[in-house]
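Structure, as structure tokens:
Each chain gets a letter, A, B and so on, in the order its sequence line appears, and its residues count up from 1.
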There are 2 protein chains.
Amino acid sequence: MPVSDLSHAAQDYLKLIWNATEWSSTPITVSVMAERLGVRPSTASDGIKKLAKQGLVTHAPYGSIELTAEGREHAVAMVRRHRLLETFLVQVLGYGWDEVHDEAEILEHAVSDFLIARIDDHLGHPTRDPHGDPIPSADGKPHLPQGILLSDAGPESEVVITRISDDDPEMLRYFTELGLAPDVRLTVRERRPYTDVTTIRRQGSDHDADLGPVAAAAIWVVAG
Amino acid sequence: MPVSDLSHAAQDYLKLIWNATEWSSTPITVSVMAERLGVRPSTASDGIKKLAKQGLVTHAPYGSIELTAEGREHAVAMVRRHRLLETFLVQVLGYGWDEVHDEAEILEHAVSDFLIARIDDHLGHPTRDPHGDPIPSADGKPHLPQGILLSDAGPESEVVITRISDDDPEMLRYFTELGLAPDVRLTVRERRPYTDVTTIRRQGSDHDADLGPVAAAAIWVVAG
DNA sequence: GCGGAATGTTAGACTTGCCTAACAATTAAG
DNA sequence: CTTAATTGTTAGGCAAGTCTAACATTCCGC
Ligand SMILES: [Mn+2]
Ligand SMILES: [Mn+2]
Ligand SMILES: [Mn+2]
Ligand SMILES: [Mn+2]
């Protein structure tokens, strides 16, 4: 069964479960899902039960939520759609990287596999979206995200940004002002333990910038 | 209220009513609507009743179906979306003109006004879609379709194709083979009354082609 | 103008996705 | 270890959109 046969809701549920485990190993819970999806916990609980009945997730009452192989396939297909659409909107239609997430969140349910293939061709088979997230390939190949949170990077380390969470458009605009984006190189100058401020300097910049804990936890980096 | 606040169904109903009166003056009926929408007459009847309750159409039981000013506004907005999307898919993503209708039929409900504006900009504010249908402008200005059915054109007349119905992808592929498309100039050679065959010659072509009544009724032309 | 055919409407049911309210289970604090 | 807070589930309801079956109206041929 193709992913497009699932309801919009089911598509979003699966994608969310998958996303939750991409950059973090803490398992997803019903209440977190409800909050992310903007529905009540009872709704999310119900939805998960239905997915379990369809064999797309495993879940016993009060138990953990895990994708089955089939559920994961569909989830990856949705992630691919989402990220290709974001990339297309930025590269072809001149969207800002802070404007694409909500649009893609809707479009991902409406596009055909044919259209996704055309977009992929037109873009030359990109491997990362505007926020640095890896784009799964058409065959659903596992892709290997890497990097650690900037807030976990040691002081005086030289790092390259690999990924910035697209959860909060406001924050993305702030990062634009600071010149922070995927592939930007920076030096972690200092981490003040109690105030939890991370001081960084962008390569080529002549001054430091301070990031609060929320901002520093939205940026992933690799040593570089 | 923006058109995007209406349900998908309401959007399609309004668009269909508007489309039905664009190139023909015979009023739309419940059964025709049901057939075009792929639902049962009872469903269409119900849907129309709901639209009437919202003030988007006027309709008394067993009476005629007419758009109100507000309903027409929404309908035109949907037609604009549909035709801009078709144009975009052909010009930017290399779709064939026979492939765009079904895709646009879905996408039209998912795109934001912002995305439509971007597409319009990117295309340079096109005025006709790939089938020759006029694209309503952003302010919902009435646009003026013109032309008569090729099946109504007199023999030995020189005409230019203005529009080809996109209802049937199969027929569009046939027209592609014959080299028939909007803006193509042709001569009507003969109309055989009983068999209802229209013989045409494309300008620059060295042979005639015969069109059956269905094909000739899918093409609109103006004297040229 | 009548009567049957075609067309349109209503009634009742089902599905999906959402809600609130009440309840159950788990977890965390003391 | 016990209890209180948190988290998750169930029950019951609602709205939208679809269906089938039964019924009403209109149209058309004679
Ligand atoms: Mn979505
Ligand atoms: Mn992204
Ligand atoms: Mn079309
Ligand atoms: Mn549609």
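- A:His59 comes within 4.0 angstrom of sugar-phosphate atoms only, judged by non-hydrogen atoms across all strands, and of no base.
- Looking at heavy-atom distances under 4.0 Å, B:Ser31 makes contact with sugar-phosphate atoms alone, never a base.
- Atom CG in A:Asp46 sits about 18 Å away from atom P in C:dC23, given to the nearest Å.
- When the C1' atom of C:dT16 is taken as reference, atom CG of A:Asp12 falls 15 Å away, rounded to whole Å.
- Across all strands shown, B:Ser7 has heavy atoms under 4.0 Å from sugar-phosphate atoms exclusively, and none from any base.
- Atoms CG (A:Asp5) and C1' (C:dT16) sit 16 Å apart, rounded to a whole Å.
- At least one side-chain heavy atom of A:Ile219 sits less than 4.5 Å from a side-chain heavy atom of A:Leu211.
- Separating the CG atom of A:Leu37 from the C1' atom of C:dC19 is a distance of 15 Å, rounded to the nearest angstrom.
- The side chain of A:Lys49 contributes an N or O atom lying less than 4.0 Å from OP1 or OP2 of D:dT10.
- In this model, the phosphate group of C:dT9 is approached by a side-chain N or O of B:Ser45 to a distance below 4.0 Å at OP1 or OP2.
- Between A:Ser42 and A:Ala10, the residue anchored nearer the 5' end of DNA chain C, judged by the nucleotide with its closest heavy atom, is A:Ala10.
- Rounded to whole Å, atom C1' of D:dG17 lies 15 Å from atom CG of B:Leu6.
- Not a single donor-acceptor contact under 3.5 angstrom links the side-chain atoms of A:Thr29 to the base of D:dT7.
- Inter-residue side-chain proximity for A:Asp12 and A:Glu108 is flagged as met; some heavy-atom pair is nearer than 4.5 Å.
- Regarding contacts with the backbone of D:dT18, every side-chain N or O of B:Arg40 stays at 4.0 angstrom or more from both OP1 and OP2.
- Here B:Thr43 reaches the OP1 or OP2 of D:dC19: one of its side-chain N or O atoms lies under 4.0 Å away.
- Here the P atom of nucleotide D:dT26 and the OH atom of B:Tyr62 are 7 Å apart, to the nearest Å.
- Distance, A:His8 NE2 to C:dC18 C1': 16 Å, rounded to whole Å.
- Distance A:Ile48 CD1 to C:dG17 P: 13 Å, rounded to the nearest Å.
- Between A:His101 and A:His82, the gap from one ring centroid to the other is short of 6.0 Å.
- Residues A:Leu14 and A:Met78 have side chains not in contact (no heavy-atom distance under 4.5 Å, counting atoms from C-beta outward).
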Could you check B:Lys15 against B:Arg81 for side chain to side chain contact (heavy atoms under 4.5 Å, CB included), going step by step and ending with a plain yes or no? CA-CA 10 Å; B:Lys15 178 161 65 79; B:Arg81 286 174 171 219; over 6 Å; no

